[in-house]
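Read the structure below first, then the notes.
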Amino acid sequence: MVTHNWENSFNHLLAAVVSDALSECSFNLAAKLLEEDCSFVCDILAQRGRLDDTYWICAFAVNQHISICHSNPCDRDPITNQLHPICTCSSVNISDPDGRDTSSEINKFDDMMYHLATTEGCRQVIAVDQSLGLFNRAWCVAEIAEARRLQMKQSLQLPSKVTLMRRAHTLGNLDVRSMRASADADKELILHKISTSTSIDEFNAELQSLIFDPRSGLLSSWCAMDSLQQAGEVGRLIRWGLADAGTGKVWKVWEANE
Ligand SMILES: [Zn+2]
């Protein structure tokens with residue numbers, strides 16, 4: 001199960017998935033290689049026997065379109081600033097104001113999390129964006145907390161260690177009350193859900209330890225994995241480099257990256 005925020009670029013989301021499949025913990029190299037040559041990345045995944053791995057990504061698995069189809073009150077193209085054209089497809093809108101419509105796919109958070117957590121071998125991959133904005137998105141944090149509660153294995157995918165160094169200070173005062181969601185109703189729902197089992201302050205404190213705890217926190221596990229990979233950097237690059245059939249693609253991208 002991939003937890004991601006929608007502001008993240010598609011390339012970085014995909015790179016995080018590829019990188020996880022290849023047992024890497026930073027996805028910069030994968031992102032550059034995807035830009036350079038997608039089919040090469042497919043070849044590496046095939047060689048490592050990971051091409052048939054399954055990742056659950058809400059953007060593909062959940063039909064969110066039927067909650068917004070046939071209208072566009074405010075969504076603008078970031079380049080031209082024009083309102084996006086209104087979709088004319090044949091889907092039937094589900095408005096679901098109280099979040100109980102059985103035909104809606106976007107009100108099944110608890111069921112979905114439980115199903116994934118009890119599916120054999122299912123882990124949570126947290127695809128973190130360049131600005132670490134994921135940790136300020138209410139749904140992402142709700143997914144991370146729920147996955148932890150359900151004892152799912154969790155791991156972070158970060159662009160690089162540099163990203164973490166530059167941005168880690170932004171994680172110091174995370175407060176679920178000031179996090180953002182696309183809809184205010186969603187945020188209220190999340191806060192309400194939290195407050196049925198604990199206080200918001202306690203939740204914030206748990207979130208801090210979930211991220212920063214020196215033994216079991218997400219960041220310390222990531223750092224341990226990262227230094228292991230730094231130690232084996234050359235061997236790792238040779239493995240990647242061998243896959244490019246002598247074209248030097250991996251080395252070129254790696255050098256540009258440095
Ligand atoms: Zn439509």
Side-chain angles (χ1 to χ4, degrees), residues 1-14 16-17 55-89 91-116 124-149 154 156-157 159 167 170-171 173-196 200 203-204 207 210-211:
M1 174 203 176
V2 183
T3 287
H4 71 108
N5 53 331
W6 287 65
E7 299 107 321
N8 197 2
S9 73
F10 186 68
N11 170 286
H12 282 186
L13 169 63
L14 199 56
V17 170
Y55 285 81
W56 189 97
I57 299 175
C58 69
F60 301 114
V62 178
N63 187 347
Q64 311 201 24
H65 182 68
I66 49 174
S67 68
I68 56 161
C69 184
H70 307 309
S71 75
N72 178 19
C74 57
D75 200 18
R76 289 178 185 275
D77 184 299
I79 310 286
T80 65
N81 203 33
Q82 301 287 309
L83 282 171
H84 287 299
I86 290 168
C87 175
T88 55
C89 81
S91 62
V92 178
N93 272 55
I94 297 177
S95 66
D96 192 28
D98 59 2
R100 289 163 179 232
D101 192 319
T102 48
S103 56
S104 166
E105 295 184 13
I106 60 175
N107 59 9
K108 308 280 188 291
F109 179 79
D110 291 323
D111 298 321
M112 178 275 290
M113 288 297 299
Y114 182 77
H115 174 71
L116 291 173
Q124 182 185 41
V125 176
I126 304 162
V128 183
D129 57 309
Q130 195 92 45
S131 63
L132 312 190
L134 176 139
F135 293 102
N136 275 299
R137 298 301 299 188
W139 275 123
C140 296
V141 166
E143 280 178 10
I144 293 172
E146 186 66 2
R148 174 62 61 104
R149 195 182 70 80
Q154 301 175 294
L156 290 182
Q157 279 292 333
R167 304 283 309 168
T170 61
L171 304 181
N173 299 308
L174 290 179
D175 183 342
V176 67
R177 279 171 292 228
S178 53
M179 286 175 193
R180 291 170 297 127
S182 323
D184 290 339
D186 283 4
K187 198 175 141 179
E188 275 163 40
L189 182 82
I190 293 165
L191 288 174
H192 175 74
K193 196 173 129 53
I194 293 169
S195 61
T196 55
I200 298 290
F203 179 86
N204 285 339
L207 185 61
L210 200 161
I211 297 173

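- Here the closest non-hydrogen pair linking Arg177 and Asn204 is NH2-ND2, 3.5 Å.
- For Ser131, the side chain to side chain donor-acceptor pair (under 3.5 Å) criterion is met by Asp129, not counting sequence neighbours.
- Heavy atoms only, all atoms of each residue included: Asn81 and Arg76 are closest at O-NH1, 2.8 Å.
- Surrounding CG of Asn173 are at most 12 heavy atoms belonging to other residues, nucleotides or ligands under 6.0 Å away.
- A distance of 9.0 Å separates NZ in Lys187 from CE in Met179, rounded to the nearest 0.5 Å.
- The structure places CH2 of Trp139 at 14.5 Å from CG of Leu134, a figure rounded to the nearest 0.5 Å.
- Using the six-membered ring where Trp is involved, Phe60 and Phe10 have ring planes that are perpendicular, over 60° apart on the 30 and 60° scheme.
- Atom CD1 of Ile126 is separated from atom CG of Asn5 by 11.5 Å, given to the nearest 0.5 angstrom.
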| request: Under the side-chain contact (heavy atoms from CB on, under 4.5 Å) rule, what do Cys58 and Trp6 come out as? Steps first, then yes or no, please. | output: CA-CA 10 Å; Cys58 69; Trp6 287 65; 4.1 Å; yes
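- The NE2 atom of His70 sits 8.0 Å away from the OG1 atom of Thr88 when rounded to the nearest 0.5 Å.
- For the side chain to side chain donor-acceptor pair (under 3.5 Å) test, residues two or more places apart in sequence or in another chain that qualify with Ser103 are Asp101.
- Between Lys108 and Thr102, the shortest heavy-atom contact is NZ-O, 3.2 Å.
- Of all heavy-atom pairs spanning Ala147 and Gln154, the tightest one is CB-NE2, 3.6 Å.
- Partners of Ala185 according to the side-chain contact (heavy atoms from CB on, under 4.5 Å) rule, which considers only residues two or more places apart in sequence or in another chain, do not exist here.
- Remark: Asn136 engages no residue in a side chain to side chain donor-acceptor pair (under 3.5 Å) (not counting sequence neighbours).
- Side-chain contact between Cys89 and Cys69: present, with at least one pair of heavy atoms (C-beta onward) separated by less than 4.5 Å.
- Between Leu174 and Val141 there is no side-chain heavy-atom pair separated by less than 4.5 Å.
- The line from CD1 of Ile94 to OG of Ser104 is 5.5 Å long, rounded to the nearest 0.5 Å.
- In this structure Cys74 satisfies the side-chain contact (heavy atoms from CB on, under 4.5 Å) test with no other residue, sequence neighbours excluded.
- Taking 4.5 Å as the limit, some side-chain heavy atom of Val2 sits within range of a side-chain heavy atom of Leu13.
- Looking at every heavy atom in both residues, His65 comes nearest to Ser91 through CD2-OG, 3.9 Å.
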| task | Take Glu105 and Ser67 through the side-chain contact (heavy atoms from CB on, under 4.5 Å) test and state the conclusion after the steps. | result | CA-CA 9 Å; Glu105 295 184 13; Ser67 68; over 6 Å; no
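- Residue Phe135 holds its CZ atom at 5.0 Å from CD1 of Ile144, rounded to the nearest 0.5 Å.
- Take Ile194 and apply the side-chain contact (heavy atoms from CB on, under 4.5 Å) test, not counting sequence neighbours, and it matches Val176, Ile190, Thr198, Ile200, Phe203.
- Every residue two or more places apart in sequence or in another chain that forms a side-chain contact (heavy atoms from CB on, under 4.5 Å) with Asp75 is listed here: Asn72, His84.
- By the salt bridge (Lys or Arg N to Asp or Glu O under 4.0 Å) test, Glu7 pairs with Arg137, Arg180, sequence neighbours left out.
- Around the NE2 atom of His115, the shell of radius 6.0 Å holds no more than 12 heavy atoms that belong to other residues, nucleotides or ligands.
- Applying the side chain to side chain donor-acceptor pair (under 3.5 Å) criterion to Lys193, with sequence neighbours excluded, gives Asp110.
- Every residue was checked against the salt bridge (Lys or Arg N to Asp or Glu O under 4.0 Å) condition with Asp96, not counting sequence neighbours, and none meets it.
- In this structure Arg148 satisfies the salt bridge (Lys or Arg N to Asp or Glu O under 4.0 Å) test with no other residue, sequence neighbours excluded.
- Across all non-hydrogen atoms, the minimal contact from Gly99 to Asn107 is O-ND2, 3.2 Å.
- In this structure Arg149 satisfies the salt bridge (Lys or Arg N to Asp or Glu O under 4.0 Å) test together with Glu146, sequence neighbours excluded.
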